[in-house]
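Here is the structure we will look at, set down as structure tokens.
Both backbone and side-chain heavy atoms feed into the values below; hydrogens, waters and symmetry mates do not.
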2 protein chains.
Amino acid sequence: MEKADIAEAGIAYRLEDQVGFLLRLASQRHAAIFQKHAVEGLTPTQFSTLLRISEVGQVSQNQLGRLAAMDVATIKGVVDRLKDKGLVASKSDASDKRRSIILLTPAGTALIADLKRSGAVITHETLAPLTRAEQRSLVALLRKIT
Amino acid sequence: MEKADIAEAGIAYRLEDQVGFLLRLASQRHAAIFQKHAVEGLTPTQFSTLLRISEVGQVSQNQLGRLAAMDVATIKGVVDRLKDKGLVASKSDASDKRRSIILLTPAGTALIADLKRSGAVITHETLAPLTRAEQRSLVALLRKIT
DNA sequence: ATGCGATTGTTTGCACGCAAACGATAAGAG
DNA sequence: CTCTTATCGTTTGCGTGCAAACAATCGCAT
């Protein structure tokens with residue numbers, strides 16, 4: 001009978017219970033916190049991109065996009081804006097004319113330590129409503145659905 | 001000594017451990033799943049907007065934006081596109097000339113049941129890597145950081 | 001050697017998402 | 001009644017985010 005009720009009255013579907021909606025809300029809050037603490041006015045994607053380059057030293061643009069979880073079209077725009085800010089540079093790969101190698105400029109390199117510091121603050125503030133155990137749990141769960 | 005090591009070697013900061021990065025990844029996967037099951041090519045925001053209207057019947061555009069967690073500029077675009085698709089309509093509020101009231105068209109109303117069904121499928125598939133308990137846990141944690 | 005499929009990067013088009021500035025209207029204080 | 005403040009909707013500008021189509025180059029199989 002309950003099943004029939006649900007079918008007739010319409011499925012009990014509450015937006016605020018759906019992961020997709022909650023993910024959007026959580027991302028919004030995180031973005032706001034990020035912006036508050038952002039170094040040099042960097043966006044979250046620009047931030048991730050810089051960190052990835054610093055991890056690997058040199059990368060082709062497409063490979064960088066994969067490392068930072070960005071579309072080819074998206075990573076291009078991000079890299080272009082980082083170039084405009086003078087934080088990254090590119091050179092052509094001698095052994096593969098298709099590739100353009102992306103690397104940090106001295107200014108970009110000088111920023112990395114700061115970025116990590118503010119990144120830690122941002123993560124901390126985003127997770128502030130949770131206990132330590134909950135924080136670990138959330139991270140683990142998010143990782144699982146990725 | 002460990003603290004000093006960390007300070008000297010640079011803070012141990014792994015992108016894949018940061019909530020912000022994980023939220024982006026999870027959102028990406030959810031978006032892909034959403035698109036696969038999307039009714040009428042609706043986007044997640046359009047979907048949420050339609051559901052909110054169906055919950056309240058009639059709303060001013062700004063109020064609708066608040067209900068669906070969207071910026072004034074964003075909700076305008078979403079509503080415009082839903083109008084183009086013939087799913088919502090607007091009329092002016094007699095008692096307040098600033099307001100424009102948004103409501104579902106018959107076509108929009110006819111879609112709601114379908115939307116809820118596919119919404120349930122999308123949520124289910126997004127959470128598939130988790131056990132029931134983990135799913136409840138994730139939703140609860142996301143709600144807390146919102 | 002060539003020729004075909006895969007990869008690299010670019011461009012276009014559409015859809016959020018937010019800040020900031022704007023004109024119109026409403027509502028409350030004096 | 002009028003002045004100030006708040007709210008409503010619009011527009012612009014910038015930054016993701018993804019699909020699709022494209023030219024250039026690579027690399028491998030034949």
key: Test side-chain hydrogen bond (donor to acceptor under 3.5 Å, both in side chains) applied to B:Q63 - qualifying residues, sequence neighbours left out   = B:R66
remark   = By side-chain hydrogen bond (donor to acceptor under 3.5 Å, both in side chains), A:E40 pairs with (sequence neighbours left out) none
task = Please name all residues satisfying side chain to side chain contact (heavy atoms under 4.5 Å, CB included) with B:A32, sequence neighbours left out, ordered by chain then number.
result = none
Residues from residues 62-95 of chain B lying under 4.0 Å of DNA chain D - heavy atoms = B:N62, B:R66, B:V72, B:A73, B:K76
query = Does any pair with a residue in residues 71-84 of chain B pass side chain to side chain donor-acceptor pair (under 3.5 Å), and if so which ones, sequence neighbours excluded?
reply = B:K76-B:D80, B:K83-B:S90
request  = Pull out every residue in residues 34-56 of chain A that has a heavy atom closer than 4.0 Å to any atom of DNA chain D, ordered by number, or say none.
outcome  = A:T43, A:T45, A:Q46
request  = Using side-chain hydrogen bond (donor to acceptor under 3.5 Å, both in side chains) as the criterion, list what pairs up with A:T45, not counting sequence neighbours.
outcome  = A:T43
Span of DNA chain C, from the first to the last nucleotide whose atoms fall under 4.0 Å of chain B heavy atoms = C:dA15 to C:dA26
inquiry  = Tell me which pairs pass salt bridge (Lys or Arg N to Asp or Glu O under 4.0 Å) where either residue lies in residues 23-38 of chain B, with sequence neighbours left out.
reply    = B:K36-B:E125
key: Sequence-distant partners of B:D96, side chain to side chain contact (heavy atoms under 4.5 Å, CB included), two or more places apart   = B:D93, B:R98, B:R99
query = In chain order, what residues pass the side-chain hydrogen bond (donor to acceptor under 3.5 Å, both in side chains) check against B:T146, with sequence neighbours excluded?
reply = none
task = Just grab all the salt bridge (Lys or Arg N to Asp or Glu O under 4.0 Å) pairs involving residues 127-146 of chain A, residues at least two apart or on different chains.
result = A:E134-B:K144, A:R143-B:D17, A:K144-B:E134
